[in-house]
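For reference, the structure is listed below as structure tokens.
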Amino acid sequence: AHICRDWGQALWRAGQAAWALVNLELAVALARQLQARDPVAHAAMLPLNLSAQGSLRHQAGDLDGAERSYREALAL
């Protein structure tokens, strides 16, 4: 999940916004799966990925999507 997040952020910096967002969606999905398997070991992964997803959504102008990501991250 971390590699997807990092790659998404690198793609964003390279001007590949659509691919960056796809990678962050994958990072969040993987983090959800890992947290479901072992909540203690992966407790921080989902909030970190949701926060990164929210940041990219915000920068892309998707304010509603950014707010959803941030709110979910904060709730965890």
Side-chain angles (χ1 to χ4, degrees):
H2 290 306
I3 190 83
C4 291
R5 184 190 69 226
D6 294 346
W7 184 241
Q9 291 171 332
L11 286 168
W12 184 268
R13 288 189 299 273
Q16 300 292 321
W19 284 113
L21 291 168
V22 167
N23 275 272
L24 263 292
E25 289 175 19
L26 180 58
V28 168
L30 290 171
R32 286 186 202 287
Q33 291 176 6
L34 290 169
Q35 189 176 34
R37 288 184 191 160
D38 190 345
V40 175
H42 302 290
M45 188 178 298
L46 184 55
L48 287 172
N49 284 293
L50 284 165
S51 179
Q53 182 185 53
S55 177
L56 291 189
R57 284 177 168 175
H58 180 260
Q59 292 175 57
D62 178 9
L63 301 182
D64 291 335
E67 182 177 5
R68 283 191 305 275
S69 295
Y70 289 141
R71 286 187 183 275
E72 185 178 351
L74 288 171
L76 298 171

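Note that this is a predicted model, so its numbers are computed, not measured.
Here the CD atom belonging to Gln9 is positioned 7.5 Å from the OG atom belonging to Ser55, to the nearest 0.5 angstrom. Expressed to the nearest 0.5 Å, how far CD of Gln53 lies from CD of Glu25 amounts to 6.0 Å. For the atom pair CG (Leu26) and CG (Leu21), the distance works out to 12.5 Å, reported to the nearest 0.5 Å. Taken to the nearest 0.5 Å, the CG atom of Leu63 stands 10.5 Å off from the CZ atom of Arg68.
Between Gly8 and Ala20, the shortest heavy-atom distance links the atoms O-CB, 3.1 Å. Residue Ser69 comes nearest to Arg57 through the heavy atom pair OG-NH1, 2.9 Å, listed as atom of the first residue, atom of the second, then distance. Shown here for Met45 and Ala31, the closest heavy-atom pair between the two residues is CG-CB, 3.8 Å. Nearest approach of Ala73 to Pro47, heavy atoms of both residues: CB-O, 3.7 Å. Closest non-hydrogen pair, Gly54 versus Ala66, comes out as O-CB, 3.3 Å.
Residue His42 qualifies as enclosed at atom NE2: its count of foreign heavy atoms under 6.0 Å is above 12. The number of heavy-atom neighbours closer than 6.0 Å to CD1 of Ile3, taken from other residues, nucleotides and ligands shown, is 12 or below.
Taken together through direct or relayed side-chain contacts under 4.5 Å among Ile, Leu, Val, Met, Phe, Trp and Tyr, Leu48 and Leu46 form parts of separate hydrophobic clusters.
No side-chain heavy atom of Arg5 sits under 4.5 Å from any side-chain heavy atom of Asn23. Side chains of Arg32 and Leu50 form a contact here, defined as non-hydrogen atoms less than 4.5 Å apart. Residues Val22 and Leu11 form no side-chain contact, since every pair of their non-hydrogen atoms from C-beta on lies 4.5 Å or further apart.
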